[in-house]
Amino acid sequence: MAKSICTALREGALEGELAPALTIKDSIASPFGLQVFDHVLSQLFSSILAGKSPSQGLILVSFSRSPSFYLELLKNKGISVASSDKRIQILDCYNDPLGWKDQLVEISSTVTVFREVKHMDKLFNSIIELGRGLVGGGKIRFSISIDSVDEMLRWASVSSVARLLSNLRSHEQISSIFWLLHSDLHKARVTAVLEYLSSMVASLEPSHQLANGQRGDLENFALIEHNSKNGKFHVRFKKRNGRVRVMSEEVHMEQSGINFTPLSSEGAINQGLVPKVQFNLQLSEKERIDKANVVLPFEHQGDNGKPLQIYDGRRSLVDSKQERAVAVEKEESDSQRGEIIYYRDSDDEMPDSDEDPDDDLDI
Amino acid sequence: MATAKTRTSSFSRNFSTAVASLGSGLKCGPNGTVFVSSGIPDLDKILGGGFSLGSLVMVMEDAEAPHHMLLLRNFMAQGLVHSQPLLYASPARDPRGFLGTLPSPAASKDDKSREPDPDQEKDLRIAWQYKKYFGENQLNFDGQRDGKHEYSNEFDLRKPLERHLINARCIDCVSIQDSSDLSTLQDRCATFLSQLPRNDGSICCAGRIAIQSFCAPHCAHSNMEWEMLSFIRSLKSMVRSSNSVAVITFPPSLLSPSLCKRWQHMADTLLSVKAIQDEDKELAQLLTGYQDMVGFLNVHKVVRFNTQVPLILEATTFSIKLQKRRYLVLECLNQAPVDGSSGTSYGMSGSCSKTGNLDF
């Protein structure tokens with residue numbers, strides 16, 4: 001799923017379409033959003049450098065982390081920023097977002113400081129300008145990644161942030177865009193707005209849901225610890241034909257970074273639409289045990305490889321135990337001479353009944 | 001004399017005289033109402049004739065699928081084919097661009113094979129849900145088959161509408177993104193509707209208003225709840241006293257629940273569209289034809305003017321399919337036998353609130 005996201009972002013928008021937009025959503029229960037963001041960022045940037053994408057450059061708008069962090073990150077991933085100077089530009093909204101400082105030491109040529117985060121339209125203009133400076137004008141496209149939309153929502157209203165994002169999506173030079181959101185910092189409506197504006201929603205959830213009251217329990221420590229390094233990664237794609245593709249993966253945090261693996265256990269993702277059907281084809285545990293205890297009639301005994309003990313249904317099980325030993329011996333001695341092949345007519349046929357089976361026909 | 005009374009029976013009068021007094025694209029309905037087509041023949045059938053003139057239709061969008069655009073496109077295109085004036089408002093900066101995506105009427109009726117396969121009728125068929133087979137034998141209730149005066153057209157979504165229809169003077173486009181209050185939109189609607197007053201005489205022409213994604217988050221007015229509600233109320237009253245139909249689409253997930261309920265009550269006719277999950281094995285087992293479906297359409301409320309008798313539909317959920325990727329088709333759902341004792345909540349789990357109720 002992480003691969004499909006990266007592929008979708010890499011491929012970008014078709015002519016006349018809005019750019020694909022990804023929301024990475026996490027919460028305190030599963031706080032790996034930043035790591036997923038880093039992963040997607042490095043994947044997208046390496047594809048841009050390798051020329052696999054119609055996008056020629058990447059603009060990173062960093063709110064929650066310093067630009068030097070990102071330069072380090074890319075260096076550690078083996079992507080040298082010095083040679084790729086022409087492909088990435090970072091808009092620094094971290095060091096001096098409100099313009100309080102008089103002078104700032106310039107970090108590198110790839111970083112541009114932005115001082116007016118309260119004005120979304122100025123931010124829009126700066127992003128576009130930076131992008132145009134990177135790839136040129138005309139029809140050449142570039143991608144955008146926004147470190148954290150939460151910071152933007154601190155300074156500006158939801159509708160202006162929404163307007164910025166939708167204008168970016170509909171700009172003809174933008175190939176793809178993605179952003180990070182911590183969903184528990186906002187009201188539900190804000191998350192709904194950002195999901196409305198995006199074409200892919202990736203959400204991180206804990207592998208084991210803990211009830212609130214259980215937090216302090218020692219027994220759940222193992223679960224909590226498991227949750228701190230692992231989680232579930234769900235993605236909802238809005239496809240072009242109007243259908244929604246839902247996919248899931250497991251995510252593991254390791255020293256080297258983040259790892260995505262397919263889901264290990266079966267999970268019922270969509271249960272909502274299936275109504276109860278009249279036929280219950282599943283067996284409950286009790287039913288399974290009872291089924292194993294049922295003694296089968298003639299023709300099915302010996303099916304599971306046990307030695308054949310004929311139970312003809314006439315006597316109760318207890319009585320026939322003594323008979324069985326005799327019957328088995330008899331059976332072995334009889335096997336040379338002949339066999340009794342019995343085809344049962346019906347299950348409720350009384351053995352040795354004198355009744356005429358045609359009696360119950362109602363003509 | 002007032003307009004001829006129509007009776008809903010299988011004996012139908014020859015309506016040639018009555019229709020002549022109405023403009024093109026209009027049809028008489030029961031109880032003195034007049035219908036315009038929604039642009040989707042299946043939807044017209046479901047609603048009992050089409051959208052009633054003077055009604056406010058609201059469509060609840062699904063944030064995950066663009067099906068409301070399909071409905072709007074067909075609605076607008078139908079109006080332009082009949083040269084009905086159109087007012088289109090959308091949150092885009094340039095709403096005119098959307099007009100380029102309107103579909104054109106389908107070329108000929110032979111393309112779509114809706115006739116039952118003649119071979120099938122030779123053998124004995126046991127129909128599980130026999131009612132769906134009746135539709136094939138029903139006569140089309142549109143009286144006239146004349147190309148120009150056809151009430152409702154089948155639209156080919158792959159063919160764009162002819163240029164001269166899009167450039168007609170009767171189209172007005174408004175962008176609702178930047179206006180901080182809704183007074184501009186309200187004034188434009190008022191001017192538009194003043195051209196179409198309702199008199200007792202014959203109706204020569206009907207107008208259409210289409211407002212797309214009314215509370216979209218990037219609009220400046222999207223957090224002004226009471227202003228939006230009062231706009232809808234005033235639009236409803238203006239539409240009621242004019243010869244027009246207004247269609248408003250909105251995403252309910254972006255509204256507070258109480259506001260969403262108020263808007264739903266405001267609507268005369270209420271529809272909703274829902275996305276369908278791709279590669280859902282359970283749904284594929286449950287519904288036949290799942291592969292061709294692109295979404296669901298729910299009909300919540302249908303307006304009935306001048307009568308106390310409500311319209312009760314047999315089924316309220318329909319699947320949206322694109323036949324040959326061109327023609328929008330609505331079909332009843334066919335499903336496996338369902339446990340009747342489960343009542344209204346068909347095994348719904350609380351977490352899947354997006355999918356909603358499927359009512360067969």
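In what follows, every heavy atom counts, from backbone to side chain, and hydrogens, waters and symmetry copies are set aside. Residue numbering restarts at 1 for every chain, and letters A, B, ... go by the order of the sequence lines.
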Problem - Heavy-atom pairs under 4.5 Å with chain A, option from B:P217, B:A63, B:C219, B:A65 with the top count - result: B:P217
Handout entry: Shortest non-hydrogen contact between B:P95 and B:S90, atoms and distance
Key = CB-OG, 3.9 Å
Exercise for the section: Find the one option among A:A192, A:S166, A:S198 whose heavy-atom pairs under 4.5 Å with chain B are most numerous. Expected result: A:S166
Practice task
Using a cut-off of under 4.5 Å on heavy-atom pairs, state which of A:R245, A:R240, A:R189 scores highest against chain B.
Solution key: A:R245
Handout entry: Toward chain A, the part of B:D178 with a non-hydrogen atom under 4.5 Å
Key = side chain
Handout entry: Test item: A:S160 side-chain N/O and A:A156 main-chain N/O as donor-acceptor pair under 3.5 Å
Key = no
Exercise for the section: Pick whichever of A:A162, A:S199, A:A188 has the most heavy-atom pairs under 4.5 Å with chain B. Expected result: A:A162
Handout entry: Side chain / backbone / both / neither for A:L165 at chain B, heavy atoms under 4.5 Å
Key = neither
Exercise for the section: Would you please indicate yes or no on a ring centroid separation below 6.0 angstrom for A:F233 and A:F260? Expected result: yes
Practice task
Under 4.5 Å heavy-atom distance to chain A, tell me which part of B:R93 shows up: side chain, backbone, both or neither.
Solution key: side chain
Exercise for the section: Return yes if a side-chain donor-acceptor contact under 3.5 Å exists between B:T317 and B:N298, otherwise no. Expected result: yes
Exercise for the section: Under 4.5 Å, counting heavy-atom pairs only, tell me which of A:N167, A:V190, A:V201 racks up the most with chain B. Expected result: A:N167
Practice task
Take A:R132 and A:E129, measure what salt bridge (charged side-chain N to carboxylate O under 4.0 Å, His left out) needs, and give me the verdict at the end.
Solution key: CA-CA 5 Å; A:R132 286 214 176 113; A:E129 225 176 84; over 6 Å; no
Practice task
Please find out if less than 6.0 Å separates the ring center of B:F214 from that of B:F231.
Solution key: yes
Handout entry: Closest-packed option against chain A by number of heavy-atom pairs under 4.5 Å, given B:H67, B:E279, B:H218
Key = B:H218
Problem - is_close_aromatic(B:F98, B:Y88), centroid dist under 6.0 Å - result: yes
